[in-house]
Amino acid sequence: MCEGACIKTYPKKSFFLKAGEVQPAMGFVYEGLLRRYYINEKGNTITTGFIPENNYAADYPAFIKQKASKYFIECLEASVLVELPYNKIQESYQKFQNTERYGRLIAEYVLTLQTNRTESFLFENAEERYLNFIAENQNLMHRISLTHLSSYLGIERQSLSRIRKKLTRE
């Protein structure tokens with residue numbers, strides 16, 4: 001691990017974080033695409049998010065508490081990340097008020113993403129979740145598999161295929 005911020009390259013299918021690890025550094029995705037997922041009690045892989053360029057790669061609640069993560073963060077593409085060590089982030093919060101403000105903005109962004117995802121399952125059907133995903137993530141549609149997308153949307157792959165087929169007929 002670096003003393004301060006450092007740039008690291010990860011090959012496709014490698015892991016930035018594995019479940020059970022304490023994340024020592026937050027990653028900022030300069031180039032590439034990552035997927036956050038967990039494995040449920042039945043052994044199924046459940047995708048909970050995609051992390052493209054200009055976004056932070058972290059299990060944010062576990063990172064802030066420096067506790068073991070329940071998630072895997074895997075590179076779907078070869079990726080370049082700027083890694084910011086936890087201790088350096090904390091030092092900068094103490095020394096620089098603007099950095100602390102930036103940290104708060106990141107936390108608010110993460111909270112909003114998590115709330116939006118939860119509410120999509122509470123208040124939207126599968127088709128609405130799919131349409132909203134397309135509207136908000138047009139740049140990802142050709143970069144992720146239908147299997148990962150269906151897992152993220154909380155539906156079977158066959159259901160996603162039916163939704164896509166229905167929408168192309170409309």
Side-chain angles (χ1 to χ4, degrees), residues 1 8 10-29 32-79 81 83-87 89 103 106-167:
M1 187 168 88
K8 287 193 179 174
Y10 290 85
K12 182 178 180 174
K13 296 188 178 184
S14 65
F15 289 89
F16 175 70
L17 178 67
K18 291 183 180 178
E21 295 178 347
V22 174
Q23 186 175 352
M26 182 177 293
F28 179 79
V29 183
L33 177 64
L34 294 82
R35 169 177 77 115
R36 185 180 54 251
Y37 69 91
Y38 69 96
I39 299 174
N40 71 11
E41 65 284 347
K42 295 178 182 176
N44 298 321
T45 300
I46 310 297
T47 299
T48 61
F50 300 99
I51 310 163
E53 295 85 1
N54 299 315
N55 283 276
Y56 289 95
D59 172 0
Y60 199 76
F63 176 72
I64 292 302
K65 295 175 188 172
Q66 283 295 276
K67 299 216 176 199
S69 178
K70 295 175 183 160
Y71 296 93
F72 294 86
I73 299 180
E74 176 188 24
C75 297
L76 295 178
E77 301 172 352
S79 300
L81 279 75
E83 295 189 7
L84 309 163
Y86 175 82
N87 62 334
I89 292 171
I106 293 170
E108 289 173 358
Y109 176 75
V110 169
L111 177 62
T112 301
L113 286 178
Q114 291 176 341
T115 301
N116 289 347
R117 177 158 168 75
T118 300
E119 288 181 351
S120 75
F121 283 101
L122 294 173
F123 303 116
E124 298 171 356
N125 64 38
E127 184 176 318
E128 290 168 327
R129 287 194 304 274
Y130 173 68
L131 289 170
N132 287 337
F133 183 86
I134 291 172
E136 296 167 9
N137 299 283
Q138 190 63 42
N139 61 330
L140 295 182
M141 292 308 297
H142 298 292
R143 297 171 68 187
I144 59 175
S145 72
L146 291 180
T147 300
H148 292 154
L149 179 56
S150 63
S151 173
Y152 176 78
L153 296 172
I155 58 177
E156 295 294 323
R157 186 156 186 237
Q158 299 87 334
S159 299
L160 177 57
S161 294
R162 280 193 294 276
I163 290 168
R164 290 166 48 98
K165 188 175 184 178
K166 176 187 170 220
L167 292 171

Chemist: Any donor-acceptor pair under 3.5 Å linking the side chain of E124 with the backbone of F121?
Modeler: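 No, because the side chain of E124 does not come within donor-acceptor range (under 3.5 Å) of the backbone of F121.
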Chemist: Would you confirm whether R36, through its side chain, and I73, through its main-chain N or O, come within 3.5 Å as a donor-acceptor pair?
Modeler: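 Flag not set: sc R36 to bb I73 has no pair under 3.5 Å.
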Chemist: With sequence neighbours left out, what residues match E119 under salt bridge (charged side-chain N to carboxylate O under 4.0 Å, His left out)?
Modeler: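 So E119 forms no salt bridge (charged side-chain N to carboxylate O under 4.0 Å, His left out) with any residue.
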Chemist: Might you point out which heavy atoms bring F123 and E128 nearest each other, and give the distance in Å?
Modeler: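 Looking at all heavy atoms of both residues, the closest pair is O-OE1, 4.1 Å.
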Chemist: Applying side-chain hydrogen bond (donor to acceptor under 3.5 Å, both in side chains), run through R164 and S161 and close with a yes or a no.
Modeler: CA-CA 5 Å; R164 290 166 48 98; S161 294; 5.8 Å; no
Chemist: For Y109, what residues pass the side-chain hydrogen bond (donor to acceptor under 3.5 Å, both in side chains) criterion, not counting sequence neighbours?
Modeler: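 For Y109 the side-chain hydrogen bond (donor to acceptor under 3.5 Å, both in side chains) partners, ignoring immediate neighbours, are N55.
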Chemist: Measure across A107 and Y60 and return the closest heavy-atom pair with its distance rounded to 0.1 Å.
Modeler: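 That closest heavy-atom pairing would be CB-OH, 3.6 Å.
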Chemist: Under 3.5 Å, side chain of T118 to main-chain N/O of Q114, donor-acceptor pair present?
Modeler: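 Present.
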Chemist: Not counting sequence neighbours, list each pair that qualifies as a salt bridge (Lys or Arg N to Asp or Glu O under 4.0 Å) and has a residue in residues 51-77.
Modeler: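 Output for this query lists R35-E74, E53-R143, E77-R143.
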Chemist: Would you call L76 and K13 a side-chain contact if the rule is heavy atoms closer than 4.5 Å?
Modeler: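 No - every pair of side-chain heavy atoms lies 4.5 Å or more apart.
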Chemist: Return yes if some donor-acceptor pair links the side-chain N/O of T112 with the main-chain N/O of E108 below 3.5 Å, else return no.
Modeler: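 Here the side-chain-to-backbone pair exists.
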Chemist: Do V29 and N54 make a side-chain contact, defined as non-hydrogen atoms from C-beta onward lying under 4.5 Å apart?
Modeler: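 Contact flag for V29/N54 side chains = no.
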Chemist: Give the minimum heavy-atom separation between G20 and A68, together with the two atoms involved.
Modeler: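 It is O-CB, 3.5 Å.
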Chemist: Under a 4.5 Å cut-off applied to non-hydrogen side-chain atoms, are I51 and L33 in contact?
Modeler: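 No - every pair of side-chain heavy atoms lies 4.5 Å or more apart.
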Chemist: Answer yes if the side chains of S120 and R117 hold a donor-acceptor pair under 3.5 Å, and no otherwise.
Modeler: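 Judged by distance alone, the side chains do not pair up.
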Chemist: Locate the shortest heavy-atom distance separating P52 from L140; write the atom from each residue and the value.
Modeler: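 In this case the closest contact between P52 and L140 is CB-CD2, 3.9 Å.
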Chemist: Taking side chain as C-beta onward, heavy atoms only, is L160 less than 4.5 Å from Y130?
Modeler: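 Yes, at least one pair of side-chain atoms sits under 4.5 Å.
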Chemist: Check step by step if side-chain contact (heavy atoms from CB on, under 4.5 Å) holds for L153 and I163.
Modeler: CA-CA 12 Å; L153 296 172; I163 290 168; over 6 Å; no
Chemist: Is any side-chain heavy atom of Y86 closer than 4.5 Å to one of M26?
Modeler: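 SC-SC contact between M26 and Y86 ruled out.
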Chemist: Compare every heavy atom of Y37 with every heavy atom of T47, then report the nearest pair and how far apart it is.
Modeler: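 Closest heavy-atom pair between T47 and Y37: CA-CB, 3.8 Å.
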Chemist: Evaluate S145 against H148 for side-chain hydrogen bond (donor to acceptor under 3.5 Å, both in side chains), listing each step before the verdict.
Modeler: CA-CA 5 Å; S145 72; H148 292 154; 3.3 Å; yes
Chemist: Name the orientation class of the two ring planes belonging to F16 and Y10 (parallel below 30°, tilted from 30 to 60°, perpendicular beyond 60°).
Modeler: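 The rings of F16 and Y10 stand perpendicular, inter-plane angle above 60°.
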Chemist: If you look at every heavy atom in S79 and G32, which pair is closest and at what distance?
Modeler: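 Minimum heavy-atom separation between S79 and G32: OG-CA, 3.5 Å.
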Chemist: Hey, do the aromatic rings of F133 and Y152 have their centres closer than 6.0 Å?
Modeler: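 Under 6.0 Å, so yes.
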